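Every heavy atom of this structure was used, including side-chain atoms; hydrogens, water molecules and symmetry mates were not. Model, not experiment: these values are computed from the prediction. Start at 1 and go down the list; that is how both ligands and their atoms are numbered.
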Amino acid sequence: MRRFFPLLLLLLSPALARAGDLKAGAYAQDITPTKFPISVNGGFADRKATAANDPLHARCLVLDDGTTKLALVVVDSCMIPRELIDAAKALAEKKTGIPAKNMMISATHTHTAPTVAGVFGSEPDAEYVKFLTQKIAEGIETAHKRCGPAKLAWGVAEEPNQVFNRRWKMKPGVKNLDPFGGDTDKVRMNPPRMSADLLEPAGPTDPRVTVLSVMTPDDKPLALFANYSLHYVGDLPALSADYFGAFANSVAAKLNAGKGFVGILSNGTSGDCNNINFMAEATKTMPGERCRLVADAVATAAVKALEKAEYVTNVVLRSVVTEIDLGVRKPTADEVKRAEGILEKAKGRDLKGYEETYARETVLMAKYPDAVKVPLQVMRIGHLAVVAIPCETFAEIGLEIKKNISVLKTTCVVSLANGYYGYLPTPAHHALGGYETWRARSSFLEVQASPKIEKAVGELMKALLTK
Ligand SMILES: [Zn+2]
């Protein structure tokens with residue numbers, strides 16, 4: 001018989017483990033490619049980077065409570081397929097003994113990193129896929145080797161000024177065209193700023209900056225793992241770690257951290273939220289200025305989140321994983337026929353515009369299986385729950401998990417973790433339509449995917465509390 005701890009008891013109990021004292025190690029593994037030009041993920045058409053503006057990293061944190069070891073890795077990449085992540089975990093398990101199920105590997109969603117997942121016009125660079133797999137495993141190995149006595153604290157603060165819902169309901173009479181020849185979408189992604197046709201945002205934002213702080217027993221900052229629900233900023237040339245890299249530098253400076261400190265910013269539930277204030281004029285800034293500004297604001301909130309934090313040395317660590325079957329939204333025979341016709345006309349030249357790009361995606365989606373297995377994970381680090389979803393998760397889903405599903409006091413939801421299964425809108429957002437729902441390799445899970453994922457996360461939360 002399974003026995004569940006009542007939530008109240010858990011909240012009142014200290015985050016203590018009976019096992020030995022806590023150890024932690026962190027390492028920022030450089031993953032900048034050495035060969036250029038290289039394909040860049042994140043656009044409709046492929047782009048080639050010829051240099052790195054700033055280095056890319058796989059930021060690794062290993063925790064050890066004496067019985068259980070966890071590894072959390074956040075990679076400067078747009079999206080990483082499950083096969084690559086599973087291969088990196090298997091390699092790292094061999095080198096460290098940390099079970100793969102106790103590892104969480106996510107992508108930041110910088111749109112200026114080498115392609116390792118095929119989406120729209122960009123296809124993976126095979127050599128870099130191999131390189132990245134090995135480097136992630138090496139990073140975990142180095143963080144593991146660096147493990148030493150540590151203490152942990154967690155907390156939450158808010159930065160509401162850097163997140164905006166990017167899906168807008170438009171005034172009656174405005175037609176929103178989709179790339180499949182239809183005009184029934186009720187919302188538009190990234191509408192023109194200050195447009196007179198803007199009605200209201202179609203969803204909320206999550207302003208929380210959730211933080212896990214790792215220090216040595218004598219108060220030296222070792223690592224800071226944060227989570228914020230912002231898609232990315234995008235004002236730096238490829239290759240770049242975007243504001244995720246700038247955050248690591250900014251938070252290190254604010255904490256007066258020494259060499260070896262690793263700042264880590266994971267992507268929260270930002271599937272529908274970006275950094276554009278649609279109700280204000282654009283301000284003129286230099287390249288990289290917005291990245292620095294946003295990073296600084298999020299780092300300020302991260303430091304504030306720890307103001308009242310109490311550091312503990314004996315912490316329960318746990319990781320529970322599951323896999324659920326989700327249906328794939330496949331095109332009908334007629335839709336495939338229409339797409340093939342569009343591609344036939346474009347034969348012999350690069351594809352242009354939404355219609356042609358999505359025609360190719362339609363043909364590719366026809367070859368997808370009818371259902372896919374989607375990995376889900378929840379880690380417990382003391383009273384902090386880290387939920388991992390392999391999608392570009394909408395803000396509402398993160399808010400729901402935090403408010404009604406998590407059994408722990410502090411919760412963050414990491415998107416694009418342990419694989420890539422496209423956007424995750426709610427069924428209500430599917431009904432509204434818009435870019436994030438348009439069927440492609442970037443959005444293909446069944447309409448009911450999010451309630452099924454929330455239910456499975458709820459089950460994992462229960463499993464987290466069983467002995
Ligand atoms: Zn995205």
Side-chain angles (χ1 to χ4, degrees), residues 39-47 56 74-82 85 106-124 162-168 179 187-191 201-203 205-206 227-236 238-245 265-276 278 290-291 294 354 357-358 361 374 388-398 413-426 429-430 432-445 449-450 453:
S39 165
V40 177
N41 239 164
F44 281 105
D46 190 41
R47 295 168 290 157
L56 306 178
V74 179
V75 184
D76 290 321
S77 182
C78 194
M79 55 270 284
I80 313 176
R82 182 172 182 183
I85 288 176
S106 73
T108 57
H109 209 47
T110 171
H111 278 43
T112 40
T115 307
V116 293
V119 182
F120 301 130
S122 301
E123 293 302 331
Q162 301 302 337
V163 275
F164 301 90
N165 199 290
R166 71 181 191 186
R167 283 162 58 82
W168 278 74
V187 299
R188 193 180 292 181
M189 185 262 282
N190 287 344
T205 59
D206 183 350
N227 180 266
Y228 188 54
S229 296
L230 169 60
H231 219 72
Y232 68 108
V233 175
D235 71 339
L236 280 165
L239 299 174
S240 169
D242 201 86
Y243 95 107
F244 306 94
L265 181 57
S266 60
N267 205 320
T269 48
S270 68
D272 51 347
C273 297
N274 68 13
N275 191 236
I276 300 168
F278 294 94
R290 276 218 71 78
C291 268
V294 178
Y354 276 8
T357 302
Y358 276 86
E361 292 293 319
V374 175
I389 298 178
C391 299
E392 299 191 55
T393 315
F394 272 37
E396 263 158 270
I397 298 162
V413 181
V414 181
S415 282
L416 296 146
N418 301 326
Y420 177 66
Y421 294 81
Y423 279 99
L424 185 62
T426 61
H429 276 285
H430 271 292
L432 293 173
Y435 162 74
E436 295 86 350
T437 70
W438 294 346
R439 185 197 52 242
R441 287 175 295 171
S442 60
S443 180
F444 60 86
L445 292 179
S450 84
I453 285 175

### Task
Please assess L265 against Y243 for the test side-chain contact (heavy atoms from CB on, under 4.5 Å), listing each intermediate value before the final yes or no.
CA-CA 9 Å; L265 181 57; Y243 95 107; 3.4 Å; yes

Measure the acute angle between the ring planes of [X] and [Y], then classify it against the limits of 30° and 60° as parallel, tilted or perpendicular.
X    : Y    : answer
Y423 : H231 : parallel
Y354 : F44  : tilted
F120 : Y435 : tilted

### Message
Less than 2.8 Å away from the Zn ion (ligand 1), how many protein N/O/S atoms can be counted, ignoring water?
### Response
3

### Task
Could you pull out all residues at least two apart from A238 that satisfy side-chain contact (heavy atoms from CB on, under 4.5 Å)?
V40, A49, T112

### Query
Do you know the tightest heavy-atom contact between I80 and S106?
CD1-O, 4.4 Å

